[in-house]
Amino acid sequence: MSTADPQTATVRTRFAPSPTGFLHIGGFRTIIFSWLLARRHGGQFALRVEDTDQQRTVPGVVEDFLEGFRWMGIDLDEGPVIGGPFGPYYQSQRRDLYAAYAHQLVASGHAYRCFCSKERLEEMYADQQARHLPTTGYDRRCRRLSPSEIDANLAAGLSYVVRIAIPTDGDTIVPDALRGDVVFHHRALEDLVLLKSDGYPTYHLASVIDDHLMRFTHILRGDEWLSTAPIHKLIYDALQWEWPITAHVPSVMGSDGRKLSKRRGAQSILYYRDQGFLPHAIINYLALLGWSYDDKTEILSVDQLQQAFSLERVQRSGAVFDEERMKWFNGVYIRQMAIDELLDHVLPFMERPAADGGLPDEVARPLNRAFVRRVVQLDQERIKLLTDVVPLTDFFFVNTLTYPVEWLIGKGLDAAGARSGMERALGSLESNLTWEAAVLEETMRQLATDMGVRPGPLFMGLRVAVTGRKETPPLFATMEILGREETLKRVRSGLELLAAL
RNA sequence: GGCGCAUUGGUCUAGCGGCCUAGGACGCCUCCCUUUCAAGGAGGAAAUCACGGGUUCGAAUCCCGUAUGCGCUACCA
């Protein structure tokens with residue numbers, strides 16, 4: 001968190017979602033950019049909830065947002081629940097504020113009341129479409145109303161909206177930190193609604209007013225907002241406010257090349273948590289999706305990112321979200337992690353019910369931490385997702401193994417050869433007093449030599465008998481952890497299977 | 001349709017006029033290490049830098065046009 005004074009901070013950023021559903025990974029990329037920028041300069045980062053559309057507001061999602069932030073380790077300086085010097089941080093609680101500014105704009109001639117009914121608007125739009133007019137949009141009928149007509153409408157109690165009065169000619173230049181000056185011709189702009197008939201502001205009005213009042217210096221938002229930026233600029237100008245630094249960051253795309261969206265299957269950040277992704281891996285991956293440090297560095301800690309992030313190195317074009325690449329980052333972070341920290345992360349995944357991806361329910365919970373620690377240590381470099389740990393290690397915990405008998409017969413061996421190998425292996429394991437990986441390996445290698453077979457196939461038979469798998473961590477370390485009794489038990493039942501052939 | 005933004009291997013990217021016979025990473029393939037799988041190491045395939053014109057002694061880098069993609073075009077954000 002920042003300790004700088006919010007009143008004078010040179011960098012204040014925010015994320016301002018509408019509470020209409022969960023935040024997906026694309027939203028979090030923008031959050032990470034904004035947060036990193038604030039942290040880079042010792043400024044503040046805030047969350048503001050844009051709940052100005054009563055119909056679309058979904059109760060409870062703010063808690064989801066906060067949970068996502070908390071889990072990701074993205075600390076907020078201001079926002080719902082925690083508050084701050086520029087609250088409230090729910091726009092629905094700031095309603096009167098927007099109406100006052102809307103009327104100020106009406107008074108200064110930058111906006112006007114529009115009494116057109118929904119029906120008339122629909123007719124108008126339908127007509128425009130039918131005639132394939134080059135520019136659609138409101139026909140500005142109410143902009144030409146005389147003062148007496150307006151008074152009459154008001155007196156009659158007609159409901160109205162407030163629309164911005166776009167200048168009829170000239171253009172507005174929007175300075176963007178990523179794209180330079182973007183020119184918009186007024187002719188192509190529409191008299192958008194600023195204040196709805198229910199008294200709530202639209203996004204355009206509310207976000208402009210709040211961004212100014214809350215003193216945000218850098219506005220980062222998705223590039224889908226670029227087309228409406230001139231409207232915002234016009235409002236700033238009309239109110240004689242200073243335009244902040246804006247950066248319209250490129251979208252995160254799905255593999256279909258289209259902008260990621262809930263509708264097209266984008267997942268919540270919490271979904272990735274449940275998949276076994278680590279927050280730092282996600283942050284590292286996401287930071288590099290549309291931003292780069294240099295020509296080669298891939299692994300950057302949150303600390304390093306907070307030192308290095310800058311708008312100058314943000315990409316201008318959209319980037320496709322690649323879960324495979326994010327998985328690779330996750331694996332790197334898992335391998336780097338201290339074993340006890342990894343254990344803290346992995347235990348909950350192992351202990352949850354089998355139906356939720358945990359170990360079989362027959363395995364008693366809580367697990368023995370010391371034992372699991374040895375197991376996980378053995379598999380650390382094989383784990384890409386925290387959820388991998390269950391299929392990777394479950395054979396350490398179960399009582400009975402199920403596998404095809406043929407697997408017990410190593411490459412180049414026949415059933416009889418496999419059986420005698422297993423018999424002799426069992427014999428020397430039983431007589432082996434020192435149950436240590438190195439000793440076990442030495443003993444088994446000697447056995448292979450004595451039998452005149454290659455160690456590989458012999459070990460494979462044992463591997464299957466002991467683990468039920470063909471792909472496992474190193475065999476003798478596995479046996480050591482499993483313990484003498486359990487290992488011998490498993491080798492014996494493998495032998496029984498071979499004998500029954 | 002109108003307006004806007006973008007365009008380097010399948011994907012993420014480096015590059016901001018000569019260092020580029022275009023570098024790194026994910027993924028893929030081969031080999032090495034090795035009891036299997038990973039991890040690690042060494043290689044490889046993969047980009048006519050969207051296309052076409054300029055500008056320049058020289059362009060992936062600057063300008064113009066075209067194409068393609070994406071976004072916006074609501075009293076939704």
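Chain A is the first sequence line, chain B the second, and so forth, proteins listed ahead of strands; every chain is numbered from 1. Basis for what follows: all heavy atoms, side chains included, without hydrogens, waters or symmetry-related copies.
Within 4.0 Å of A:Pro250, counting heavy atoms only, lies no atom of the nucleic acid at all. Contact annotation for A:Thr202: backbone-only contact, meaning every heavy-atom pair under 4.0 Å involves sugar-phosphate atoms and none involves a base. Within 4.0 Å of A:Val320, counting heavy atoms only, lie sugar-phosphate atoms of the nucleic acid but no base atom. A:Pro473 comes within contact range of at least one nucleobase, with a heavy-atom separation under 4.0 Å. As judged by a 4.0 angstrom heavy-atom cut-off over every strand, A:Arg56 is placed among the base-contacting residues. Within 4.0 Å of A:Gln315, counting heavy atoms only, lie sugar-phosphate atoms of the nucleic acid but no base atom. Note on A:Arg454: nothing from the nucleic acid sits closer than 4.0 angstrom, heavy atoms only.
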Short heteroatom pairs, N/O only, protein and nucleotides 65-71 of chain B, under 3.5 Å:
residue	atom	partner	partner atom	Å
B:rG71	OP2	A:Arg258	NH1	3.3

Might you list the N or O atoms of the protein lying below 3.5 Å from N or O atoms in nucleotides 20-24 of chain B, with each pair's distance?
residue	atom	partner	partner atom	Å
B:rG23	N2	A:Asp295	O	3.0

List, with names and distances, any nitrogen or oxygen atoms from the protein found under 3.5 Å away from nitrogen or oxygen atoms belonging to nucleotides 46-52 of chain B.
none

Give me the distances for all protein-to-nucleotides 29-31 of chain B N/O pairs that come in under 3.5 Å?
none

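One cannot find a donor-acceptor pair under 3.5 Å joining the base of B:rC5 and the side-chain atoms of A:Arg179.
Within residues 282-290 of chain A, the residues that place at least one heavy atom under 4.0 Å from RNA chain B are, in residue-number order, A:Leu288, A:Leu289, A:Gly290. Near RNA chain B, meaning a heavy atom under 4.0 Å from it, residues 228-238 of chain A has no residue at all.
In this structure, A:Ser197 does not reach the B:rC75 phosphate: none of its side-chain N or O atoms is under 4.0 Å from OP1 or OP2. Residue A:Tyr125 places at least one side-chain N or O closer than 4.0 Å to OP1 or OP2 of B:rC75. Here A:Arg335 reaches the OP1 or OP2 of B:rG40: one of its side-chain N or O atoms lies under 4.0 Å away.
Residues that satisfy the side chain to side chain contact (heavy atoms under 4.5 Å, CB included) test with A:Pro167, not counting sequence neighbours, are A:His186, A:Leu234. Contacts of A:Thr387 classified as side chain to side chain contact (heavy atoms under 4.5 Å, CB included), with partners at least two apart in sequence or in another chain: A:Phe349, A:Arg352, A:Leu385. With sequence neighbours left out, A:Asp256 forms a salt bridge (Lys or Arg N to Asp or Glu O under 4.0 Å) with A:Arg264. Residues passing the side chain to side chain contact (heavy atoms under 4.5 Å, CB included) test with A:Val332 are A:Ile299, A:Trp328, A:Arg335, A:Gln336, sequence neighbours excluded.
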Using distance only, find each side-chain donor-acceptor pair of residues 275-287 of chain A under 3.5 Å and give its atom names and separation, not counting sequence neighbours.
residue	atom	partner	partner atom	Å
A:Asn284	OD1	A:Leu300	N	2.9
A:Asn284	OD1	A:Tyr333	OH	2.5
A:Asn284	ND2	A:Glu298	O	3.0
A:Tyr285	OH	A:Asp322	N	2.8
A:Tyr285	OH	A:Asp322	O	3.4

Let me check something: any side-chain donor-acceptor pairs from residues 23-32 of chain A under 3.5 Å, sequence neighbours excluded? List them with distances.
residue	atom	partner	partner atom	Å
A:His24	ND1	A:Gly26	N	2.9
A:His24	NE2	A:Leu260	O	3.4
A:Arg29	NH1	A:Leu289	O	2.6
A:Arg29	NH2	A:Pro250	O	2.2

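Side-chain contact annotation: A:Ser18 with A:Asp51, donor-acceptor N/O pair under 3.5 Å absent. A donor-acceptor contact closer than 3.5 angstrom links the side chains of A:Tyr200 and A:Gln54.
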* Show the numbers, then the answer: is there a side chain to side chain donor-acceptor pair (under 3.5 Å) between A:His248 and A:Arg179? => CA-CA 8 Å; A:His248 291 88; A:Arg179 299 156 213 276; 5.6 Å; no

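Comparing A:Trp328 and A:Trp291 against RNA chain B, the residue whose closest nucleotide sits nearer the 5' end is A:Trp291. Comparing A:Phe476 and A:Leu226 against RNA chain B, the residue whose closest nucleotide sits nearer the 5' end is A:Leu226.
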